[in-house]
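Since the structure comes first, as structure tokens, the remarks are kept for the end.
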Amino acid sequence: MARVTVIGTGYVGLIQGVCLADVGHDVICVDTDVEKIAMLRAGRSPIFERGLDDLLAKTIASGRITFATPSEGWSQLYGDIVFVAVGTPQSDNGAADLSFVRAVAASIAQEATHPLTVVMKSTVPPGTGATLCARVFADADVRIDYVSNPEFLREGHAIQDWYETDRVVIGADATAAAERVAALYSSLGSPVVITDVASAETIKYASNAFLSTKISFINEIANLCDCIGADIDDVARGIGLDKRIGSHFLNAGIGYGGSCFPKDTRALDFIATLNGYDFDLLKSVIDVNNRQRLLPVIHLAKAFPDLHRRKVAVLGLSFKPHTDDVRESPALDIVPLLLQEGARVACYDPIAGNVELGAAVRVDTVWEALDGASAAVLTTEWQEFRDLDWSRARALMTDEPIVFDGRNALDREALVSAGFRYMAVGRPGEHRG
Ligand SMILES: NC(=O)c1ccc[n+]([C@@H]2O[C@H](COP(=O)([O-])OP(=O)(O)OC[C@H]3O[C@@H](n4cnc5c(N)ncnc54)[C@H](O)[C@@H]3O)[C@@H](O)[C@H]2O)c1
């Protein structure tokens, strides 16, 4: 069993750490955020992820996982294999911000006292590994092998995805380093793709770009359905049953959000441009996605010329159900646009983390959000909203209220019979025409 260090205990690093410990490796998880480390040492997870609390408790009890901050002395923190799982957010120009990755790489190169395999879990643009090796790791006093091992987990299903991953991708120049990393996952039995570093980096971006393309494609078809009177539910089912296409990522709505697709598509577009290539398809995918999240505001403003006198309930703040992550959530664009139209906005989410909502209020129950509202916008398809007693909701709201189902997740017939005006994306509803 290997001695592993994971640097960065966010959504990716923490899952990587506890799962590696669970399959038997000795793991140290390191983070600069002292509060996170204190929580983890106390056995509490700083993020919401199904099954994580139990796995954390189990691995802490086994003694195979510990938590530390870099101030405790890097030399004691390095195992033989060091995963880097720090954030790579978007810069103002659309490029991936690699400052956290570079800072970690510089620390490793300066402070490593024994040979290491550094494994990049963070999503970094093609070419990053080569640059880090040439400019940073080449200066280290000890041998450092570099491996790219991109992460494909879905928040909300992260632990299941770790154990049942469709593939493990490993990019390395040295075969022995690739084999060392592959061995960590040997108990999973998943297909392993071993390739060079640049190809592994590209696989990650190409995967996210392709999934984003599927979403923007079905959203374009849904918008067309609204123009021509077709039903996107039937169209998507009819398309998705074709095995060459597949049914995943064909849910029309207000578009993708989250900490990956938006920034990774923009970063790939940036890297393409930097290399002299115009990735027109990807630019359109991004444009379509930006446009989709305007739809609820456009339709509500049309339906209510006096929107500035009305209250709107925004149901859902996380970018998708089963996570507290609000990064790039469509709701966070929709709320300020509604405020700009003069509406009063009340937001409710069962789990989402703290978020800046301007003049909008965040309430503790869905009923408070709906009370006195003229419209509800479904932005995250939490089960609580799917199962809602919409007749009770109707009774709390003003006359002829609208539900804008931004996720095509609600029962249209039930809402219409409860007395709502129903609007969605590509589904029959009164916004068409
Ligand atoms: N979240 C996802 O679903 C997901 C999926 C696949 C890939 N990724 C990629 O994985 C990477 C991490 O994403 P995340 O969502 O886990 O990010 P995150 O922001 O949740 O976590 C990053 C962590 O790194 C810590 N950190 C920053 N600098 C550090 C340093 N110098 N030393 C130690 N810790 C440091 C931060 O305090 C934070 O806890 C990103 O590149 C992301 O694109 C994310």
Side-chain angles (χ1 to χ4, degrees), residues 5-19 28-40 45-50 52 67-74 77-78 82-91 95-111 118-126 128-129 136 148-162 165-169 200-201 203-209 211-212 256-268 318-320 322-329 353:
T5 304
V6 181
I7 304 181
T9 57
Y11 289 85
V12 168
L14 184 54
I15 298 296
Q16 179 72 2
V18 292
C19 290
I28 305 174
C29 286
V30 181
D31 204 293
T32 42
D33 186 331
V34 288
E35 282 176 25
K36 267 189 192 179
I37 293 301
M39 278 183 83
L40 288 164
S45 168
I47 57 165
F48 173 79
E49 185 62 51
R50 287 185 287 192
L52 181 55
F67 301 94
T69 63
S71 61
E72 289 163 47
W74 277 112
L77 300 178
Y78 291 134
V82 179
F83 282 89
V84 180
V86 296
T88 48
Q90 191 189 305
S91 313
D97 174 354
L98 296 178
S99 54
F100 299 106
V101 165
R102 287 198 198 101
V104 170
S107 300
I108 296 172
Q110 276 162 24
E111 298 171 40
V118 171
V119 190
M120 188 56 67
K121 265 275 156 210
S122 300
T123 302
V124 294
T128 303
V136 184
S148 166
N149 172 218
E151 179 55 62
F152 300 97
L153 66 76
R154 296 163 300 164
E155 287 178 20
H157 304 265
I159 292 172
Q160 181 194 356
D161 284 353
W162 197 91
T165 184
D166 291 338
R167 77 300 208 189
V168 173
V169 173
E201 293 166 338
I203 288 169
K204 173 63 193 171
Y205 278 92
S207 299
N208 278 359
L211 295 173
S212 305
Y256 58 79
S259 66
C260 292
F261 288 2
K263 82 171 171 65
D264 292 348
T265 45
R266 286 185 207 121
L268 186 59
S318 59
F319 81 93
K320 66 174 182 179
H322 309 299
T323 179
D324 57 348
D325 198 345
V326 294
R327 289 178 284 186
E328 297 269 353
S329 175

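Each ligand, and each atom within it, is numbered from 1 in the order the structure gives.
- When non-hydrogen atoms are compared, ligand 1 lies under 4.0 Å from neither the backbone nor the side chain of Ile47.
- Residue-ligand proximity, Gly8 to ligand 1, at heavy-atom distances under 4.0 Å covers atoms 23 (C), 24 (O), 25 (C), 34 (N).
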Side chain to side chain contact (heavy atoms under 4.5 Å, CB included) between Val6 and Val82, worked out: CA-CA 6 Å; Val6 181; Val82 179; over 6 Å; no
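- Looking at Val84 and Ser122, their side chains come closer than 4.5 Å, going by heavy atoms from C-beta outward.
- Close approach of ligand 1 to Ser259 is summarised as follows: ligand atoms under 4.0 Å from at least one heavy atom of the residue are 1 (N), 2 (C).
- Contacts of Phe100 with ligand 1, taken as heavy-atom pairs under 4.0 Å, involve the side chain alone.
- Residue-level proximity to ligand 1 for Val104 is carried by the side chain, the only part with a heavy atom below 4.0 angstrom.
- Distances from atom 13 (O) of ligand 1 to the heavy atoms of Val12, Thr323, Val30, Asp33 put Val12 nearest.
- Within the 4.5 Å cutoff, the side chain of Val30 has no heavy atoms near those of the Thr69 side chain.
- Contacts of Ala158 with ligand 1, taken as heavy-atom pairs under 4.0 Å, are absent altogether.
- If you number the atoms of ligand 1 from 1 as listed, the ones under 4.0 Å from a heavy atom of Glu151 come out as 6 (C), 7 (C).
- With Glu328 as reference, Arg266 is the one residue of Lys320, Lys263, Arg266 to meet the salt bridge (Lys or Arg N to Asp or Glu O under 4.0 Å) rule.
- At a heavy-atom cutoff of 4.0 Å, ligand 1 is contacted by no atom of Arg154, backbone or side chain.
- The side chain to side chain contact (heavy atoms under 4.5 Å, CB included) with Val101 is formed by just one residue from the set Val124, Thr123, Ile7; it is Val124.
- Using a non-hydrogen distance threshold of 4.0 Å, Ala103 does not register as a contact of ligand 1.
- Residue contacts with ligand 1 for Arg102 are absent, since no atom lies close enough (heavy atoms, distance under 4.0 Å).
- Counting the atoms of ligand 1 from 1 in the order shown, those under 4.0 Å from a heavy atom of Glu155 are 1 (N), 2 (C), 3 (O).
- Of the listed residues (Thr88, Val86, Asp97), the one carrying the non-hydrogen atom nearest atom 11 (C) of ligand 1 is Val86.
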